[in-house]
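Because the structure is predicted, anything quoted here is derived from the model rather than measured. Along the sequence shown, residues carry numbers from 1.
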Amino acid sequence: MGYRDDFYIADNIVGYTGLPSASPSVYFRKGTTFGRITQVHDLRTNIGRAVVRDKADYRLENGPHRGKEVCLEFYDGAYQHPSRNPIVFLRDMRTKYHDAVLPLLAQAITAFPDIRERHRNRI
């Protein structure tokens with residue numbers, strides 16, 4: 001049994017950063033609840049499922065960070081986290097591409113069932 005298997009499901013995938021065929025970070029959201037699975041990172045403690053949070057003001061958007069366009073996460077009235085790449089939202093994809101990409105993204109759910117090491121003390 002993995003961390004928050006009730007939340008980390010394919011139906012809650014909203015987008016990804018990186019390439020869908022190269023272990024991207026996968027973003028999940030249902031209502032005001034959100035989290036992400038990082039599959040590849042230079043810091044081993046950053047790999048795995050993030051703590052699931054619930055924030056009414058949560059939003060994801062692409063914007064500038066250190067001279068590069070990346071995915072930015074906002075909640076609690078402020079900017080919280082930059083990704084390493086821009087986010088691609090599933091809602092913006094054509095149906096055929098969406099149907100091909102979703103199974104690739106969903107592989108992260110079973111490949112990374114555990115909360116990331118750096119978040120273990122937060123649950």
Side-chain angles (χ1 to χ4, degrees):
M1 196 166 165
Y3 169 71
R4 291 297 309 266
D5 282 336
D6 62 317
F7 175 75
Y8 282 111
I9 60 173
D11 285 346
N12 292 343
I13 295 173
V14 295
Y16 64 92
T17 59
L19 298 173
S21 60
S23 301
S25 291
V26 183
Y27 289 74
F28 297 76
R29 184 174 189 175
K30 183 173 185 175
T32 58
T33 306
F34 61 95
R36 67 184 176 278
I37 297 175
T38 303
Q39 299 185 78
V40 175
H41 200 282
D42 291 342
L43 296 173
R44 186 181 55 81
T45 58
N46 253 3
I47 295 173
R49 295 180 183 192
V51 169
V52 173
R53 294 183 171 95
D54 191 317
K55 304 286 183 177
D57 66 340
Y58 177 71
R59 75 180 195 275
L60 283 172
E61 60 187 54
N62 288 319
H65 179 73
R66 296 183 179 170
K68 183 178 167 185
E69 186 85 0
V70 299
C71 174
L72 303 172
E73 287 184 285
F74 296 85
Y75 57 88
D76 289 339
Y79 154 76
Q80 299 292 334
H81 176 264
S83 181
R84 295 162 287 163
N85 296 288
I87 189 162
V88 177
F89 290 103
L90 294 185
R91 68 174 184 241
D92 296 337
M93 293 180 183
R94 288 181 285 192
T95 303
K96 188 174 183 179
Y97 186 68
H98 175 282
D99 292 347
V101 167
L102 187 57
L104 293 174
L105 302 178
Q107 290 175 6
I109 297 166
T110 53
F112 296 90
D114 298 323
I115 191 166
R116 57 178 68 170
E117 188 177 318
R118 66 181 281 196
H119 288 180
R120 287 189 185 142
N121 64 348
R122 296 184 191 182
I123 57 171

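Considering all non-hydrogen atoms of both residues, Val51 and Ile115 come closest at CG2-CD1, 3.7 Å. Residues Ile87 and Thr17 come closest through the heavy atom pair CA-CG2, 3.7 Å. Residue Ala108 comes nearest to Val26 through the heavy atom pair CB-CG2, 4.0 Å, listed as atom of the first residue, atom of the second, then distance. When every heavy atom of Phe89 is checked against every heavy atom of Leu60, the shortest pair comes out as CZ-O, 3.7 Å. Between Tyr3 and Ala50, the shortest heavy-atom contact is CE2-O, 3.3 Å. Residues Ile109 and Arg49 share a closest heavy-atom pair of O-NH2, 2.7 Å.
With respect to Phe34, the ring pair (Phe, Tyr, Trp, His ring centres under 6.0 Å) criterion is satisfied by exactly one of Tyr8, Phe28, Tyr75: Tyr75. Each of Arg53, Arg59, Arg36 was checked for a salt bridge (charged side-chain N to carboxylate O under 4.0 Å, His left out) with Glu73, and the lone residue meeting it is Arg36.
Atom NE2 of His41 is separated from atom OG of Ser23 by 14.0 Å, given to the nearest 0.5 angstrom. Atom NZ of residue Lys30 and atom CG of residue Asp11 lie 8.0 Å apart, to the nearest 0.5 angstrom. The distance from the CZ atom of Arg29 to the CG atom of Asn12 is 11.0 Å, given to the nearest 0.5 Å. The distance from atom CG of Leu90 to atom CG of Leu105, rounded to the nearest 0.5 Å, is 6.0 Å.
At least one donor-acceptor pair under 3.5 Å links the side chain of Lys68 to the backbone N or O of Arg84. No donor-acceptor distance shorter than 3.5 angstrom exists from the side chain of Asn62 to the backbone of Pro86, with no hydrogens or angles considered. Proximity of a side-chain donor or acceptor of Asp5 to a complementary backbone N or O of Gly2 within less than 3.5 Å is detected.
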Please evaluate residues Tyr16 and Val101 with respect to the criterion side chain to side chain contact (heavy atoms under 4.5 Å, CB included), reporting the C-alpha separation (whole Å), side-chain torsions for both, the decisive distance (0.1 Å), and the verdict. CA-CA 10 Å; Tyr16 64 92; Val101 167; 3.9 Å; yes

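Judged by a 6.0 Å distance limit and a 45° cone about the ring axis, Arg94 is not positioned over the six-membered ring of Tyr97.
Counting only heavy atoms from C-beta outward, the side chains of Val88 and Met93 approach each other to under 4.5 Å. Using a 4.5 Å cut-off on side-chain heavy atoms (C-beta onward), Val14 and Arg91 make no contact.
Heavy atoms of other residues, nucleotides or ligands lying less than 6.0 angstrom from CG of Asp99 number more than 12.
If you chain together hydrophobic residues whose side chains sit under 4.5 Å apart, Val70 and Tyr58 never meet in one group. Taking hydrophobic clusters as Ile, Leu, Val, Met, Phe, Trp and Tyr residues chained together by side-chain heavy-atom distances below 4.5 Å, Tyr27 does not share a cluster with Ile47.
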